[in-house]
Amino acid sequence: QEWENPFAGWDPRDFCNISEIVLPMDTYWSPPIFILERVNGQNPELNYMVLTHNGSFNSTRPFQVTLTCSLIILKFPFDTQTCNLSIASYLYPATDFVMKTRRAPPEIMEDSKSFFLTDGEWKFTNLSIIEYTESLDDKEFSLVTYTISIERRPTLYILNLILPTCALYLLDMAVLFGPSSLEEKVNFQIAIILGSSMLAVILNNSLPTSSNKPPIIGTT
């Protein structure tokens, strides 16, 4: 965060050429912001800010937060999800408090990739920023929304679910139209049904549940 306070400046020549100082967050006014999609989070212990001689404040604090996100898993495990992170301050209207992004989306995206876990289930694909105002109780409030796009890595699901399921179906067709006797076909069918049931249990535990429409792989 960066903001300016014209009443907090000084001339460095009058104070041993000191051009900036570090102060606690509660020393001066700081922008009160909220994350609208926040469910849970850990407040940072680094509650300090840097004040420069021209009245410019700078505060950089690490923050870990859990957000709500609507998932569309129709194409699971080949799905791409889009989640929003909206930052707002409903204490001051847009006439008194306006939020702006300091850097462009491509620059923020490059920095975000360095913090994203590259060996996880998701792949960070895109980031866009929207600056707008929202009406509430006949007042306009400034908001900034970060739209984050992530793509699921399907390799694990292909090896554990899709390939075994296709193999069972191929085996079922081979046994059904093969020259085996009726008793052998019945035994094979029972074994295939048991294998399909085990795969269905694994699939049920692996599929996400937070979606209005079930994935295609779970309905076929």
Side-chain angles (χ1 to χ4, degrees), residues 1-5 25-26 28-51 55-154 207-215:
Q1 293 180 285
E2 288 185 358
W3 67 98
E4 292 185 1
N5 186 343
M25 289 293 296
D26 56 357
Y28 282 90
W29 176 89
S30 59
I33 61 173
F34 310 94
I35 299 178
L36 304 185
E37 296 86 359
R38 174 179 175 178
V39 175
N40 192 8
Q42 298 179 1
N43 293 325
E45 298 180 356
L46 189 63
N47 294 321
Y48 292 91
M49 56 187 177
V50 178
L51 171 61
S56 177
F57 288 84
N58 186 296
S59 174
T60 302
R61 295 182 295 170
F63 192 77
Q64 182 177 357
V65 62
T66 302
L67 307 177
T68 58
C69 184
S70 299
L71 299 180
I72 301 176
I73 58 173
L74 185 64
K75 299 180 180 180
F76 175 88
F78 305 99
D79 54 327
T80 299
Q81 305 296 336
T82 301
C83 298
N84 292 335
L85 191 153
S86 302
I87 301 177
S89 178
Y90 290 113
L91 299 180
Y92 301 94
T95 54
D96 301 331
F97 185 89
V98 178
M99 291 190 298
K100 297 289 184 179
T101 56
R102 182 179 58 181
R103 296 178 295 176
E107 184 180 354
I108 298 178
M109 182 174 175
E110 290 298 325
D111 291 342
S112 300
K113 287 182 177 180
S114 63
F115 294 102
F116 200 82
L117 296 177
T118 57
D119 56 348
E121 181 181 358
W122 297 95
K123 178 182 178 181
F124 183 46
T125 57
N126 192 25
L127 173 67
S128 60
I129 303 174
I130 305 175
E131 300 175 356
Y132 61 102
T133 58
E134 185 178 70
S135 299
L136 182 64
D137 296 334
D138 298 330
K139 293 183 179 180
E140 297 285 336
F141 296 93
S142 177
L143 286 87
V144 175
T145 297
Y146 295 83
T147 302
I148 304 168
S149 298
I150 53 178
E151 181 181 354
R152 194 190 304 269
R153 291 187 173 94
L207 290 180
T209 57
S210 57
S211 178
N212 293 328
K213 294 183 179 180

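Since this is a predicted model, take the numbers as computed values, not measurements.
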If every non-hydrogen atom of [X] is compared with every non-hydrogen atom of [Y], which pair is closest and at what distance?
X: Met99; Y: Ile87; result: CE-O, 2.9 Å
X: Tyr146; Y: Val144; result: CE1-CG1, 3.7 Å
X: Cys69; Y: Thr82; result: SG-O, 3.7 Å
X: Ser59; Y: Met49; result: CB-CB, 4.1 Å
X: Ala94; Y: Ser142; result: CB-N, 4.1 Å
X: Phe97; Y: Trp29; result: CE1-CH2, 3.8 Å

Residue pair [X] / [Y], side-chain donor-acceptor N/O under 3.5 Å:
X: Ser56; Y: Glu2; value: no
X: Ser30; Y: Gln1; value: no
X: Tyr132; Y: Glu140; value: no
X: Ser86; Y: Thr145; value: yes

Given side-chain contact (heavy atoms from CB on, under 4.5 Å), test Phe124 with Ile148 step by step and report yes or no.
CA-CA 8 Å; Phe124 183 46; Ile148 304 168; 3.4 Å; yes
What I'd like to find out is whether the side chain of [X] reaches to under 4.5 Å of the side chain of [Y], using heavy atoms alone.
X: Lys139; Y: Thr95; value: no
X: Leu67; Y: Leu85; value: yes
X: Phe57; Y: Glu4; value: no
X: Pro32; Y: Ser89; value: yes

[X] side, atom [atom1]; [Y] side, atom [atom2] - distance, nearest 0.5 Å:
X: Ile130; Y: Asn84; atom1: CD1; atom2: CG; answer: 7.0 Å
X: Arg152; Y: Ile73; atom1: CZ; atom2: CD1; answer: 7.5 Å
X: Thr133; Y: Leu143; atom1: OG1; atom2: CG; answer: 8.0 Å
X: Arg153; Y: Glu121; atom1: CZ; atom2: CD; answer: 9.5 Å
X: Met109; Y: Asn126; atom1: CE; atom2: CG; answer: 5.0 Å
X: Trp122; Y: Gln81; atom1: CH2; atom2: CD; answer: 4.5 Å

Could you walk me through whether Ile108 and Leu127 pass side-chain contact (heavy atoms from CB on, under 4.5 Å), step by step?
CA-CA 8 Å; Ile108 298 178; Leu127 173 67; 3.4 Å; yes
When you look at Val98 and Lys100, which way does the side-chain contact (heavy atoms from CB on, under 4.5 Å) test go after all the steps?
CA-CA 7 Å; Val98 178; Lys100 297 289 184 179; 3.8 Å; yes
Less than 6.0 angstrom separating the ring centers of Phe34 and Tyr90, yes or no?
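No, too far apart.
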Heavy-atom neighbours of Asp137 CG exceed 12 at 6.0 Å
no
